[in-house]
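A short worksheet on the structure shown next.
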Amino acid sequence: MNTPPQTQPQKRPIIFSAMQPTSGSGGGLTIGNYIGALKNWVELQKDYDCVYGVVDLHALTIHPEPAALRKQTLDVAAMYIASGIDPEKSLVFLQSHVPAHAQCAWLLNCFASMGECQKMTQFKEKSEKHSARVGLFTYPVLQAADILLYQANLVPVGEDQKQHLELSRNLAERFNHHYSETFTVPEVFIPKVGARVMSLQDPTKKMSKSDENPKATIFLTDSADEIRNKIKRAVTDSGSEIRSGDDRPALTNLLELYGVATGTSVEAAEQHFLGKGYAEFKAELADAMVAMVEPITKRFHAIRNDKAALNAILKKGAEEANRRAMRTLRKAYKKMGLVELE
Ligand code: ATP
Ligand code: LTN
């Protein structure tokens, strides 16, 4: 019998992405995080070599309560897995377990200019709320280190991260140009629908886990009743048509949510609700949201309650992430002229 010729296993392109365990009031991940990022991370596992971090060092920039940070870091790792990230296929780890992130950030800090960090929208916004620390200023440089250490080809994020990704690309290009080819220059991947899920109370603002108004945000741990209530109270636009459009920001957001949760297009959703009223639309939207969130919440609690299993996943992830990150860091050290002992 003829055996097929042995082909080299194809190396798959590399994905890196991450979330902060806390970035404000600390309510956990939201449907914005799920739809804008996590859902796509899960899909991408099929075709890519995926690395997903929980960026606890980034969270330190706004001084979270230590006990809250500890809890929420594990919550986010568990939520990744509950959403469908398979630790057998993808690398899941905590940023603080891989010292190379802080080390590489230092190297890149020596390449980034004050001006390019100063113009970051997130820095400008956050430094108004919190007294601006140096960590907040250089936050996007640490983000660049996260990505470049794994030689990522693609970074799936929501719309709000576009500017940070541009900085990562610039830093990689600058370094490569100054020394020689060291870092892969990453591409950003922003989903077509759901890249910017808006607040349920103010459709001009992005839905955020740190919104002061709890009615504005649906968390992935909300109960079915909480979800139904939040949707019932979501603001709408004037008029009574279930139609999207630039003049109808609230309905556009709600219709997009309906589309994502039911796997239909906004146009099909508009057709479906033609001639129907807000109450009927909201009831169906709430059902769709509950159906999307409920299985995730259930899996989340099961994973979170099995401490030993989660611990083992993160330990294995840290080992592999350290191995991969150190390979790049050593290369960068050498190029910059840091002495390597024989
Ligand atoms: P905060 O809004 O409290 O600053 P966050 O919810 O943006 O925090 P991050 O950890 O900064 O949380 O974001 C994690 C990922 O989720 C990023 O890829 C981000 O683009 C995406 N994301 C966050 N909020 C939304 C949203 N409302 N719509 C789409 N994607 C989102
Ligand atoms: N700043 C990001 C979180 C983040 C990230 C990353 C995202 C930190 N490091 C690397 C993608 C790749 C945010 O979502 N707010």
Side-chain angles (χ1 to χ4, degrees), residues 17 19 27-46 50 52 75-86 90 92 156-160 189-201 203 206-209 211 214-236 242 244 249-273 276 278-304:
S17 203
M19 287 191 196
L29 297 187
T30 71
I31 56 163
N33 296 131
Y34 178 70
I35 294 169
L38 268 175
K39 194 168 176 288
N40 304 305
W41 298 8
V42 173
E43 282 299 307
L44 292 162
Q45 292 183 109
K46 280 202 253 97
C50 298
Y52 297 127
D75 282 353
V76 171
M79 201 50 101
Y80 283 5
I81 299 163
S83 301
I85 306 293
D86 178 354
S90 301
V92 178
V157 283
E159 176 75 37
D160 61 318
F189 172 92
I190 295 176
K192 283 199 189 72
V193 181
R196 203 168 156 79
V197 175
M198 307 311 273
S199 150
L200 297 181
Q201 291 298 312
K206 116 180 153 111
M207 184 182 282
S208 161
K209 59 169 109 83
D211 201 305
K215 286 195 303 229
T217 305
I218 296 180
F219 293 99
L220 292 172
T221 45
D222 278 349
S223 68
D225 281 350
E226 282 168 321
I227 296 176
R228 286 182 206 287
N229 265 321
K230 287 180 184 179
I231 299 225
K232 205 179 272 175
R233 291 177 192 182
V235 298
T236 49
I242 315 297
S244 66
L251 261 292
T252 303
N253 188 41
L254 297 179
L255 278 162
E256 280 201 8
L257 285 179
Y258 181 86
V260 170
T262 57
T264 45
S265 66
V266 169
E267 295 74 33
E270 284 173 334
Q271 275 300 316
H272 176 71
F273 290 108
K276 294 181 185 163
Y278 281 156
E280 207 171 331
F281 168 54
K282 281 185 163 184
E284 273 195 49
L285 172 61
D287 284 343
M289 280 290 121
V290 170
M292 182 180 84
V293 173
E294 215 168 35
I296 300 176
T297 316
K298 273 205 188 118
R299 283 195 295 271
F300 168 77
H301 289 300
I303 295 160
R304 196 62 177 88

pair [X]-[Y]: side-chain heavy atoms closer than 4.5 Å:
X	Y	answer
I35	E256	no
M198	T252	no
L254	I242	no
E284	H272	yes
K209	F219	yes
I31	M292	yes

In sequence, state the C-alpha distance, the side-chain angles, and the governing distance for S17 and V157, and then conclude on side chain to side chain contact (heavy atoms under 4.5 Å, CB included).
CA-CA 7 Å; S17 203; V157 283; 3.8 Å; yes
Measure from the side-chain N and O atoms of [X] to the backbone N and O of [Y], and report whether any donor-acceptor pair falls under 3.5 Å.
X	Y	value
Y52	L38	no
D211	A216	no
Q45	C50	no
S90	I85	no
K282	A234	yes

Step through the shown structure and confirm whether more than 12 heavy atoms of other residues, nucleotides or ligands are within 6.0 Å of NZ on K276.
yes
Salt-bridge contact R304-D75 (side-chain N to carboxylate O under 4.0 Å):
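Yes, charged N to carboxylate O under 4.0 Å.
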Mind listing the closest non-hydrogen atom pair of [X] and [Y] along with its distance?
X	Y	answer
E280	F273	O-CE2, 4.5 Å
A291	P295	O-CD, 3.2 Å
L220	T297	O-OG1, 2.8 Å
G32	M207	N-SD, 4.1 Å
P156	W41	O-NE1, 3.2 Å
I296	S83	CG2-OG, 4.0 Å

I need the full list of salt bridge (Lys or Arg N to Asp or Glu O under 4.0 Å) pairs touching residues 214-226, with sequence neighbours left out, sorted by first then second residue.
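Matches after skipping sequence neighbours: D222-K230.
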Checking T236 against F281 for the side chain to side chain contact (heavy atoms under 4.5 Å, CB included) test, could you report, in this order, the C-alpha distance in whole Å, the side-chain angles of both residues, the deciding distance, and whether it holds?
CA-CA 11 Å; T236 49; F281 168 54; over 6 Å; no
Measuring from L200:CG to T217:OG1, what's the distance to the nearest 0.5 Å?
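These two atoms lie 7.0 Å from each other.
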Which residues pass the side chain to side chain donor-acceptor pair (under 3.5 Å) test with K46, not counting sequence neighbours?
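K46 satisfies side chain to side chain donor-acceptor pair (under 3.5 Å) with E43 once adjacent residues are dropped.
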